[in-house]
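This report refers to the structure that appears directly beneath it.
Since the structure is predicted, the reported quantities are computational estimates derived from the model, not experimental observations.
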Amino acid sequence: MKSRLLYSLRWKLIGLFVLSLGLSGLSLLGALLVVYIAYDFRIPFIYGLARQLNDMFGIPTVLVVTGILFFVIYTFVLSNKRILYLLRITKAVQRIADGHFDERIPVSYNDELGELASNLNKMAEQLKTSIEDERRAERTKSELITNVSHDLRTPLTSISGYLGLIEQDRYRDEVELRHYVHIAYEKSKRLHTLIDDLFEYTRLSGGGLSLRKSSLDLVEMIGQLTAQFQYEMRMAGMEIRLKFPQGKVPIDADGDKLARVFDNLLANSVNYGKDGIYLDVAVRTEDGAAVVEVINYGEPIPPHDLPHIFDRFFRVEKSRSTDTGGSGLGLAIARQIVELHGGTIRAESDRSRTLFEVRLPLKGAE
């Protein structure tokens with residue numbers, strides 16, 4: 001606090017005033033000494049000029065005016081650097097106002113001017129970040145509208161097409177009629193799933209979803225979920241391998257929401273890990289956290305796609321149909337749910353395996 005007061009601009013201005021006053025007094029004494037020496041050595045120009053000024057204005061007036069002139073000169077010289085610095089700040093503010101948010105002001109002083117420059121730099125950085133976020137949000141909104149329109153239109157077009165064939169009696173027999181009805185029904189279920197995913201993601205992103213937490217055993221939950229995937233595993237020609245600890249792994253969580261996370265991870269592993277035959281699911285505790293790993297040995301996720309797999313509407317294979325690739329919201333929803341529980345989710349993939357890891361706080365862990 002004392003250091004801040006000592007280096008404040010107020011005290012520096014007072015010091016500047018006192019120094020200019022002192023230098024002005026010394027300069028005035030020097031001028032009088034020069035006049036005295038000129039008189040003593042009979043230097044006509046200086047002595048004659050002094051006599052003329054004395055005859056015209058008088059000694060007091062000449063001394064006062066000369067002292068003021070010296071004071072103004074010293075004040076200007078001593079404050080010149082700070083005035084130039086203030087002008088630089090003013091120009092920088094104008095450039096920032098004109099949209100040049102990369103403009104930065106060097107912090108050359110440790111007083112209020114330096115603090116002003118530092119705050120202006122922070123303001124410019126925050127403005128730049130805010131504008132970039134706004135532009136990113138605008139692009140995301142446009143992408144969202146485009147993706148939603150495409151994903152909704154695809155099944156809706158199929159439904160309208162097959163129902164149109166039925167409406168126009170353009171089918172050979174009842175078998176073909178039932179086939180058309182079945183396709184339209186499957187597409188309607190696909191449409192319903194997509195709308196549910198959109199609604200769920202909107203609620204999660206907008207903070208409109210509250211968790212109903214209760215105490216549950218993560219080992220028991222994962223065991224039940226994997227049992228439900230036995231049929232899908234057999235149809236895909238895969239075998240599931242479980243690695244659970246001996247005891248319970250207690251957590252406080254919303255069971256329904258958390259089940260959706262692992263259901264999505266298991267479904268993805270079955271859909272895209274068929275070439276690997278095995279699906280490994282492991283549960284363990286580590287550093288106060290419950291850790292669940294879902295590992296498949298199918299085709300790896302390309303390195304350039306890996307950082308984006310939790311983004312909404314992102315599909316690793318752009319050529320996949322929506323029926324195979326899902327809504328593109330499953331992993332985004334999974335990340336939102338895990339983060340609402342105070343946990344983290346990540347993925348890694350190479351030629352040997354693809355791993356999804358979920359970390360959740362253990363019950364009672366700080």
Would you mind reporting whether [Y] and [X] have side-chain heavy atoms less than 4.5 Å apart?
X	Y	answer
L78	L19	yes
L113	R82	yes
I251	P361	no
R178	V175	no
M238	Y278	no
D254	H341	yes
L116	I89	yes
N268	L331	yes

Shared hydrophobic cluster, [X] / [Y] (ILVMFWY, side-chain heavy atoms < 4.5 Å):
X	Y	value
L86	L16	no
F356	F244	yes
L120	V107	no
L23	F71	no
I301	I295	no

Under 6.0 Å from the six-membered ring centre of Y297 and within 45° of its axis: does the NZ or CZ of R353 meet both?
no
Measure across L279 and S269 and return the closest heavy-atom pair with its distance rounded to 0.1 Å.
CD1-CB, 3.4 Å
Start with the C-alpha distance between E186 and K189, add both sets of side-chain angles, then the distance that settles salt bridge (Lys or Arg N to Asp or Glu O under 4.0 Å), and finish with yes or no.
CA-CA 5 Å; E186 291 298 324; K189 289 199 314 183; 3.6 Å; yes
Salt bridge present between [X] and [Y] (N-O < 4.0 angstrom):
X	Y	result
E220	K248	no
E239	R234	no
E357	R359	yes
D280	K243	no

Please confirm whether the backbone N or O of [Y] pairs with a side-chain atom of [X], one donor and one acceptor, at under 3.5 Å?
X	Y	value
S188	Y185	yes
S349	T354	no
Y74	L21	no
D263	A259	no
D252	K213	no
T226	G223	yes
N80	F76	no

Is the Y162 ring parallel, tilted or perpendicular to the Y180 ring (thresholds 30°, 60°)?
tilted
So, E125 and N121: side-chain donor and acceptor under 3.5 Å apart, yes or no?
no
Where do D173 and L177 land on the side chain to side chain contact (heavy atoms under 4.5 Å, CB included) test, with the steps shown first?
CA-CA 6 Å; D173 50 31; L177 170 63; over 6 Å; no
Around atom [atom1] of [X], are there more than 12 heavy atoms from other residues, nucleotides or ligands closer than 6.0 Å?
X	atom1	value
R88	CZ	no
H182	NE2	no
Q230	CD	yes
E134	CD	no
R170	CZ	no

Run E286 and R284 through salt bridge (Lys or Arg N to Asp or Glu O under 4.0 Å) and show every step you take.
CA-CA 7 Å; E286 181 179 282; R284 70 176 192 278; 3.3 Å; yes
Residue list, salt bridge (Lys or Arg N to Asp or Glu O under 4.0 Å) with R351, at least two apart or on another chain:
none
Please test I131 against F101 for side chain to side chain contact (heavy atoms under 4.5 Å, CB included), starting from the C-alpha separation and ending with a verdict.
CA-CA 10 Å; I131 289 175; F101 299 113; 3.1 Å; yes
